[in-house]
Every structure is written in C-alpha cells, then in structure tokens.
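Quick note on labels: first sequence line is chain A, next is B, and so on, each numbered from 1.
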2 protein chains.
Amino acid sequence: MKYSTPYIAPTLVVDAVLFQIIDNVLNVLLIKRSKDPHKGAWALPGGYCPSGETTIDALHRITNQKAGVDIKLDMAHVEQLYTFDTVARDPRGHAVSVTYMACGLDISCSRHASEQTQFSPVDSLPKMAYDHADIIAYAHTRLQSKITYTNAVYAMLPKLFTLSQLQLAYEAILMKTLDKRNFRKKFLQLNLITGTDQKQRDGAHRPAQLFRFSSQTLQVLTRSID
Amino acid sequence: MKYSTPYIAPTLVVDAVLFQIIDNVLNVLLIKRSKDPHKGAWALPGGYCPSGETTIDALHRITNQKAGVDIKLDMAHVEQLYTFDTVARDPRGHAVSVTYMACGLDISCSRHASEQTQFSPVDSLPKMAYDHADIIAYAHTRLQSKITYTNAVYAMLPKLFTLSQLQLAYEAILMKTLDKRNFRKKFLQLNLITGTDQKQRDGAHRPAQLFRFSSQTLQVLTRSID
DNA sequence: ACAAAAGTGTTAAGAATACACCCATGT
DNA sequence: ACATGGGTGTATTCTTAACACTTTTGT
C-alpha cells in the first residue's frame with residue numbers, strides 16, 4: 001500500500017431505492033432536484049457518506065432528512081444493491097455510490113421532507129437525473145428475483161392479509177398476472193404463511209380469510225415461487 | 001447536501017477474491033501479510049482506491065501489483081460482490097471495502113508478485129486476517145449459485161474440455177458429487193456447449209470428446225443446472 | 001336476485017432423480 | 001486380458017401449467 005502521493009479518497013455517496021406498493025402498483029420514491037446538475041429532474045434520495053458513518057447509517061440519515069422516511073420503522077426489508085463508480089457525477093469529480101434498496105408499506109414521504117418528494121410507478125418514471133433510471137431497473141429486477149426465492153414480500157404487506165392481497169403484491173412486482181389456484185396451492189405448500197381465524201369483510205362479497213407470515217425475518221427457500 | 005463541517009470521505013479499499021480450480025479443488029488466492037495489523041496471517045489481495053481511479057481499475061492494478069495476476073488477460077469472469085463497512089479495519093479509522101470476485105484458469109501468481117502469495121483450497125483456509133474468511137465464504141456461495149443459473153464456469157475451463165472435466169469443475173465448486181448421466185443430459189439440453197470432432201487421448205482408456213462453450217460471454221438461464 | 005370477490009381439484013406435460021452396464025483405448 | 005475412464009437409457013416421482021365452477025356476502 002505504497003503511494004508516492006498522499007492518498008485522497010473518492011467522494012462516497014449513498015443512494016436509496018425505496019419501494020412501496022400503492023393501489024396494487026409498484027412505486028418508487030423520488031425527489032425533485034432543486035439544483036444543478038439535473039435541476040428539475042427527478043432523482044433517488046441520496047447524499048454524502050462521511051468518514052466515521054457507515055453506509056447503512058448514512059442511508060437511514062439521508063432518507064430521513066431528504067424524504068422524511070424512517071427506514072428502521074417503516075421498511076422491514078433492506079438490502080445493499082450495488083456500488084457504482086460514477087465518474088462525472090459529482091462536482092468534486094470522482095464519486096462512488098453505494099446503493100441500497102428498501103421495501104415498506106404505508107410510507108408517507110412528505111412528513112418531514114426537506115425536498116419535494118413523490119412516489120412514482122416504476123413502469124412510468126418521469127425524466128430521471130443521472131443513471132437513476134438504470135439503478136431503479138436494476139433494483140426492480142433484484143426485487144423480482146428476491147420475492148421468488150424468499151419471503152421478502154412480507155415487508156410490503158400488512159401483518160394480516162388475504163391471499164388475494166398477497167397475489168396482487170406479487171403481480172405488482174412481477175408485472176404479470178398469476179393463476180389464482182396455482183399461486184395459492186404453491187404458497188400454502190411452502191409454509192411461509194399461517195392462516196388465522198379472522199376474516200376480512202370488505203364489500204358485497206364473501207369475506208376472505210386473513211393470513212400472517214410465519215416469520216417476519218428473511219427466509220430463503222430452496223423451491224421457487226412462480 | 002449541507003454540512004456544517006467540511007466533507008471528509010472514508011478510506012476506500014478494494015479487495016479481491018480470485019478463484020481457480022487446481023487438481024479438481026477450488027482454490028483462492030491469498031497473500032501473507034508482512035505488516036501489522038494481522039502480520040503473518042493470510043489475507044485477500046487488496047489496496048487503496050484513490051480518487052480518480054474506478055474501483056474496477058483499482059482491482060486490476062492491485063491484483064497485478066500484489067499478486068502478479070492480470071485479471072484482464074487471465075480471468076474471464078469478474079463480478080462485484082458486496083461493499084463492506086469495515087469500521088476498525090484501517091489504521092486511519094473508517095474504511096469502506098468494495099469486494100470483487102474473479103474466476104480464471106492456469107493463474108500463476110508468483111510471476112511479478114510484490115508479496116508472498118499462494119493459492120489455498122477454499123475448504124481448508126489458513127488463519128485469515130480481518131473478516132476475510134467470511135468474505136471468501138460469501139464469494140463461494142455466490143459462485144455456487146452463479147454456476148447454477150449461468151454459464152459462468154466457462155471462465156474456469158480451457159477452450160476445449162471434456163464433459164468429465166466440466167462435471168469435475170461443478171463438483172469442485174458445489175462441493176458435492178453429481179450423477180454423470182443426469183449431468184450430461186441436462187447440460188446438453190441447455191445448448192450452452194457444442195461438441196467438436198476432436199478427441200482427448202489421455203491414458204489407457206477410451207478418448208473423450210472435446211466440447212466448447214457456445215458463448216464465451218455470460219448467459220443467464222431460466223432453468224437451473226443441478 | 002344479482003353482483004362481486006373468495007374459495008376450491010384435476011389432468012397433462014415436463015423436469016428431476018435414481019440407477020448399471022457396455023465401449024474404446026493403452027499396457 | 002485387464003484396467004481405466006468414456007459413454008449411454010429407462011422408469012418413477014415430483015413439479016408445473018392449464019383450466020371453470022360454487023360459495024358467501026351486501027345491496
């Protein structure tokens with residue numbers, strides 16, 4: 001580790017892809033940039049990670065400050081995505097961006113936000129700053145694959161949910177329709193969820209049985225879901 | 001992005017997990033540390049990534065300088081693994097480590113190495129510095145999973161190879177034995193490899209047909225291999 | 001009675017697994 | 001002739017995919 005010149009570290013930034021299902025559509029949280037570069041375009045919440053703060057701590061701080069989202073409270077699934085070298089992205093020159101993805105439920109983003117924020121459907125993003133559209137696409141692919149071999153959807157559903165709600169969540173993320181009978185059969189075989197004796201009455205039709213996840217921590221499966 | 005104090009970036013380091021199969025055993029490249037911390041223990045090749053150099057460029061430079069390995073020439077598969085916050089790892093304090101994995105064939109590590117290097121079987125590592133044993137375990141899991149849904153093994157085999165060699169590579173990485181007939185049937189169905197009319201004569205037994213990979217770039221499969 | 005979502009089984013095709021013998025060569 | 005690794009097929013089980021009607025409720 002010899003350097004003839006003193007070592008100068010690249011700028012380290014953390015960017016977050018925050019997913020939530022709203023009205024059966026997968027949404028991602030965006031912030032409108034108030035400054036150049038890309039002033040007026042939409043971007044992922046992100047910010048500097050200084051020496052002494054871990055990237056995960058920076059993630060929590062930044063999403064809280066910029067979007068008013070408390071990941072610890074509201075997002076039950078968090079995972080690191082990828083680290084991008086973003087050569088000409090930062091005014092200081094070379095920056096490295098560590099990206100995270102988090103999934104939650106009933107996230108309100110405006111409460112304490114210091115910037116203009118909104119959730120936007122993943123399949124109809126507005127004009128995005130930087131390469132953030134690519135990062136969202138990458139995160140989406142990862143999420144799609146994650147829910148097929150883990151119980152990660154639990155982060156995007158209420159504690160008690162119906163099988164139809166569960167299926168709608170899968171359909172929103174996978175962006176395709178699934179067969180009701182096959183979906184239920186497969187999911188119940190996996191023992192990820194357990195039935196309760198409660199029902200959800202919800203309009204002029206038969207009430208639905210409510211289920212809960214057997215575990216609220218990430219379970220990795222050997223078989224795959226759809 | 002407001003800071004009351006001037007922004008100081010964490011130290012950025014790049015660490016590499018370099019895999020190679022030697023005598024049908026999966027090996028990883030290690031370097032003996034000549035300095036504290038962890039003097040005398042073995043470590044992954046790694047080093048500082050300064051501002052202005054991308055992490056992938058730093059990876060190439062570091063593996064070349066420290067282990068005499070030219071990744072561009074010798075390692076056909078390279079992928080980023082994970083970025084670790086390594087709080088008390090660097091004498092300067094907070095460091096962030098971007099780790100990469102690379103797979104190759106016939107790597108000689110001593111040619112231009114500036115440090116003492118060796119390949120070590122993944123299932124019998126010597127005393128490792130830092131959390132490097134964990135990083136290797138993580139990389140190994142990732143590699144195991146990668147070869148089951150891509151053609152990534154191509155990086156660890158010669159251009160022409162027999163089906164037995166291919167199976168031995170899988171067995172070395174997955175660390176379990178496979179059924180010869182099922183393995184061949186499945187692999188040939190996938191159209192990843194094509195037969196040649198060449199044979200390998202290799203001792204007192206029937207010569208084996210030589211195959212090549214249809215593509216030397218990463219192909220992602222929908223079906224899985226074993 | 002009707003509208004609306006919940007709930008439920010069977011069949012056919014394809015994939016995974018388990019398993020044992022003959023073939024071509026060098027010595 | 002024998003030792004060595006190369007090469008091949010079938011039967012069973014499990015998984016996936018396709019598909020339509022009855023049930024329960026509110027209005």
Side-chain angles (χ1 to χ4, degrees), chain A residues 21 23-24 144-145 147-150 157-158 160-172 174-212 220-226, chain B residues 21 23-25 144-145 147-150 157-158 160-172 174 176-212 220-226:
Chain A
I21 294 172
D23 295 336
N24 303 326
Q144 288 181 323
S145 125
I147 62 166
T148 62
Y149 72 92
T150 70
L157 286 170
L160 294 178
F161 53 88
T162 67
L163 292 177
S164 294
Q165 285 176 278
L166 180 62
Q167 183 176 341
L168 284 168
Y170 268 86
E171 291 179 338
L174 299 178
M175 292 185 174
K176 66 179 182 189
T177 56
L178 301 172
D179 180 89
K180 181 161 63 159
R181 281 172 292 186
N182 292 339
F183 180 80
R184 290 172 181 225
K185 199 192 316 171
K186 186 107 157 253
F187 221 101
L188 291 169
Q189 277 174 2
L190 293 170
N191 284 329
L192 291 179
I193 56 176
T194 50
T196 69
D197 51 7
Q198 299 177 63
K199 307 224 163 183
Q200 178 172 293
R201 274 170 217 78
D202 178 40
H205 54 83
R206 180 172 176 175
Q209 188 183 5
L210 287 166
F211 289 78
R212 69 159 57 86
V220 178
L221 310 173
T222 45
R223 291 180 50 196
S224 83
I225 305 165
D226 293 293
Chain B
I21 294 172
D23 295 336
N24 302 325
V25 172
Q144 288 181 323
S145 125
I147 61 167
T148 62
Y149 71 92
T150 70
L157 286 169
L160 295 178
F161 54 88
T162 68
L163 292 177
S164 293
Q165 286 176 277
L166 180 63
Q167 184 176 339
L168 284 167
Y170 268 86
E171 291 179 338
L174 298 177
K176 65 179 182 188
T177 57
L178 302 172
D179 179 90
K180 182 160 62 159
R181 281 172 291 188
N182 293 338
F183 179 81
R184 290 172 181 224
K185 197 191 318 171
K186 184 108 156 251
F187 222 100
L188 291 169
Q189 277 176 2
L190 294 170
N191 285 329
L192 292 179
I193 56 177
T194 50
T196 68
D197 51 6
Q198 300 177 62
K199 307 226 162 180
Q200 178 171 291
R201 275 169 217 79
D202 177 38
H205 53 83
R206 177 173 178 175
Q209 188 182 6
L210 287 166
F211 290 78
R212 70 159 56 85
V220 178
L221 310 174
T222 44
R223 288 180 50 197
S224 84
I225 305 166
D226 293 293

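For B:R181 against C:dA20, a side-chain-to-base donor-acceptor contact under 3.5 Å is present. For C:dT10, its base sits under 3.5 Å from the side chain of A:K185 at one donor and acceptor pair at least.
Between the P atom of D:dT15 and the CG atom of A:L188 lies a distance of 15 Å, rounded to the nearest Å. Rounded to whole Å, the distance from CG on B:N182 to P on D:dT12 is 16 Å. The nearest whole Å value for the distance from the CD atom in A:Q165 to the P atom in C:dA5 is 13 Å. Straight-line distance from the OH atom of B:Y149 to the P atom of C:dA15: 21 Å, rounded to whole Å. Between A:K199 atom NZ and D:dT24 atom P there is a gap of 9 Å when expressed in whole angstrom units. Straight-line distance from the CG atom of B:D226 to the P atom of C:dA15: 15 Å, rounded to whole Å. Distance B:F187 CZ to D:dT8 C1': 19 Å, rounded to the nearest Å. We find that CG of A:L190 is positioned 13 Å from C1' of D:dT16, with the value rounded to whole Å.
With A:L168 as reference, A:N24 is the one residue of A:T177, A:I21, A:N24 to meet the side chain to side chain contact (heavy atoms under 4.5 Å, CB included) rule.
Between B:L157 and B:F211, every side-chain heavy-atom pair lies at or beyond the 4.5 Å cut-off. B:I193 places a side-chain heavy atom less than 4.5 Å from the side chain of B:L166. Put simply, the side chain of B:L221 does not reach to within 4.5 Å of the side chain of B:T150, judged on heavy atoms.
Within the 4.0 Å cut-off from OP1 or OP2 of D:dG6, at least one side-chain nitrogen or oxygen of B:S164 is found.
The listed nucleotides are C:dT25, D:dG7, D:dT24; the one nearest the side chain of B:Q209 is D:dG7. In the set D:dG7, C:dT25, D:dC19, the nucleotide with an atom closest to the side chain of B:A208 is D:dG7. Taking every side-chain heavy atom of A:P207 into account, D:dT25 is the closest of D:dA18, D:dT25, D:dC19. Ranking D:dG7, C:dT25, C:dA6 by closeness to the B:H205 side chain, first place goes to C:dT25.
Between A:Q189 and A:R206, the residue anchored nearer the 5' end of DNA chain D, judged by the nucleotide with its closest heavy atom, is A:Q189. Along DNA chain D, the nucleotide closest to B:K180 and the one closest to A:K180 are compared, and the more 5′ of them pairs with B:K180.
Contact annotation for A:R184: base contact, defined as any heavy-atom pair under 4.0 Å involving a base atom. If you check every strand for non-hydrogen atoms under 4.0 Å, A:K186 touches sugar and phosphate atoms only. Within the nucleic acid shown, B:D202 has no heavy atom closer than 4.0 Å to any nucleic acid atom.
A:Q167 contributes a side-chain N or O that, together with a main-chain N or O of A:L178, makes up a donor-acceptor pair within less than 3.5 Å.
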